[in-house]
Amino acid sequence: ILVYFLLPSFYDKKKNKSQIENQILKQYNFEVMLDKNLSYGLFPKPHFSSDNVTIQNDSKIISISKNTKFFISSKNFFSSKGINIKSLVFTETDFKINRSTYKFFFNLFENFLVKKNIRFFKNKLFYLDQNDNVIFFTDVKKMNYSYQENFINEVKSKLEIFNLPVSLKATN
């Protein structure tokens, strides 16, 4: 059993990197650029992790995540198709959003058609004006995108705006 779960640690890292980037683009409808350091972890679930992951929207960099985990399915370890991502967890992500890129969150919410989860923990959101000056920022404690039964998408978040705690729950 241990050999079975440790098998992905012997995979080609460059191939895994490109597979992860392609799967996120196809399944979650946004681009990521992974750092060259991709590592495999077994606990709490089999996953790959990378530091300094860049999230892009319409070819514009909107955030950099200090630590990102890509939880993988243990069903297809021996498959020639490679790994299958089950969920994404972004930690300590700094979003730099402006008038043209704020739609990333809405697009993610509307186009989220897979039965998988995306979680953001300990984030900061900076809203910028046209000169890239910060208008305001907020601490986003957590933000979870999930797919529910009957094609219902849900987002739950806890954040602070001007030191006021706010909880948000929306369904589509």
Side-chain angles (χ1 to χ4, degrees), residues 13-14 16-39 47-72 83-148 151-172:
K13 300 293 184 197
K14 290 180 183 179
N16 287 345
K17 180 181 168 183
S18 65
Q19 284 180 350
I20 289 171
E21 290 174 346
N22 291 335
Q23 275 190 41
I24 291 172
L25 180 61
K26 288 179 185 175
Q27 294 177 356
Y28 297 95
N29 203 20
F30 66 91
E31 285 184 73
V32 295
M33 291 177 25
L34 301 179
D35 190 353
K36 57 185 167 217
N37 300 326
L38 188 66
S39 60
H47 66 275
F48 286 98
S49 62
S50 182
D51 297 332
N52 301 321
V53 173
T54 304
I55 298 175
Q56 294 184 349
N57 185 37
D58 295 331
S59 300
K60 295 178 184 176
I61 296 175
I62 61 167
S63 69
I64 297 175
S65 180
K66 288 186 182 175
N67 185 356
T68 305
K69 292 182 181 178
F70 311 96
F71 290 94
I72 59 174
I83 58 176
N84 183 21
I85 298 174
K86 289 175 61 175
S87 66
L88 304 173
V89 177
F90 295 91
T91 307
E92 295 184 36
T93 306
D94 291 337
F95 288 101
K96 295 185 179 168
I97 305 295
N98 60 23
R99 197 165 119 189
S100 64
T101 59
Y102 77 92
K103 294 178 185 176
F104 165 78
F105 296 105
F106 294 109
N107 291 339
L108 187 60
F109 185 55
E110 290 175 356
N111 297 327
F112 194 64
L113 300 174
V114 291
K115 295 181 180 180
K116 301 176 183 191
N117 298 321
I118 302 175
R119 295 186 177 116
F120 296 95
F121 292 108
K122 301 178 188 172
N123 308 295
K124 294 198 183 303
L125 187 136
F126 298 91
Y127 192 81
L128 309 172
D129 65 6
Q130 63 269 20
N131 298 325
D132 288 338
N133 295 323
V134 176
I135 296 175
F136 74 91
F137 79 94
T138 182
D139 286 326
V140 181
K141 306 279 186 221
K142 69 177 186 174
M143 184 170 25
N144 298 331
Y145 286 88
S146 60
Y147 177 88
Q148 304 297 324
F151 300 105
I152 296 174
N153 295 335
E154 184 176 76
V155 62
K156 293 180 184 177
S157 64
K158 291 188 178 187
L159 49 117
E160 280 188 11
I161 300 175
F162 302 114
N163 292 328
L164 295 173
V166 177
S167 292
L168 171 72
K169 180 180 177 183
T171 57
N172 181 18

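We use all heavy atoms of the structure for the numbers below, so side chains are in, but hydrogens, waters and symmetry mates are not. Numbers here are sequence positions counted from 1.
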query = Does Lys86 have any side-chain contact (heavy atoms from CB on, under 4.5 Å) partners at least two apart in sequence or in another chain, and if so, which?
reply = Ser73
task = May I have all residue pairs that pass side-chain hydrogen bond (donor to acceptor under 3.5 Å, both in side chains) and include part of residues 120-140, sequence neighbours excluded?
result = Thr93-Asn123, Lys124-Asp139
query = Would you say the side chain of Asn67 lies within less than 4.5 Å of the side chain of Glu92, judging by non-hydrogen atoms?
reply = no
Ring centers of Phe105, Phe95 separated by less than 6.0 Å = yes
note = Nearest heavy-atom contact between Phe30 and Val32 is CE1-CG1, 3.6 Å
ask   = Any chance CG of Asp94 has more than 12 other-residue heavy atoms, nucleotides or ligands included, within less than 6.0 Å?
value = yes
Asn29 vs Asn107, side chain to side chain contact (heavy atoms under 4.5 Å, CB included): CA-CA, chis, key distance, verdict = CA-CA 8 Å; Asn29 203 20; Asn107 291 339; 5.5 Å; no
request  = Provide the full list of side-chain hydrogen bond (donor to acceptor under 3.5 Å, both in side chains) pairs with a residue in residues 155-168, sequence neighbours left out, each pair given once.
outcome  = none
key: Closest approach of Thr101 to Ile62 (non-hydrogen atoms, all atoms of both residues)   = CB-CG2, 3.7 Å
remark   = Across all chains, not counting sequence neighbours, the side-chain hydrogen bond (donor to acceptor under 3.5 Å, both in side chains) partners of Lys60 are Ser100
Nearest-0.5 Å distance, CD1 of residue Ile24 to CD of residue Glu21 = 8.0 Å
request  = Would you give the length of the straight line joining atom CG of Asn117 to atom OH of Tyr28, rounded to the nearest 0.5 angstrom?
outcome  = 7.5 Å
task = Can you see which heavy atom on Asn84 is nearest to which on Gln27, and at what distance?
result = OD1-NE2, 4.0 Å
key: Spatial distance of atom CD1 (Ile64) from atom NZ (Lys96) [nearest 0.5 Å]   = 7.0 Å
message = Can you list everything that forms a side-chain hydrogen bond (donor to acceptor under 3.5 Å, both in side chains) with Ser49? Sequence neighbours excluded, please.
response = Ser39
message = Ring-plane angle category for Phe136 and Phe162, please: parallel below 30°, perpendicular beyond 60°, tilted otherwise.
response = tilted
remark   = Rounded to the nearest 0.5 angstrom, the OG-CD distance for Ser59 and Glu31 is 5.5 Å
note = When rounded to the nearest 0.5 Å, the distance separating CD1 of Ile20 from CG of Leu25 is 14.0 Å
message = Walk me through whether Phe70 and Leu88 qualify under side chain to side chain contact (heavy atoms under 4.5 Å, CB included).
response = CA-CA 5 Å; Phe70 311 96; Leu88 304 173; 3.3 Å; yes
message = Tell me whether Ser65 contacts the main-chain N or O of Thr91 through its side chain, where contact means a donor paired with an acceptor under 3.5 Å.
response = yes
Phe48: partners by ring pair (Phe, Tyr, Trp, His ring centres under 6.0 Å), with sequence neighbours left out = Tyr40
task = Report the distance from atom OG1 of Thr68 to atom CG of Leu34, rounding to the nearest 0.5 Å.
result = 8.0 Å
ask   = So which heavy atom on Leu128 is nearest to which on Asn98, and how close?
value = O-CB, 3.5 Å
request  = Determine, step by step, whether Lys142 and Arg119 satisfy the side chain to side chain contact (heavy atoms under 4.5 Å, CB included) criterion, reporting the C-alpha distance in whole Å, the side-chain angles of both residues, the deciding distance to 0.1 Å, and the verdict.
outcome  = CA-CA 7 Å; Lys142 69 177 186 174; Arg119 295 186 177 116; over 6 Å; no
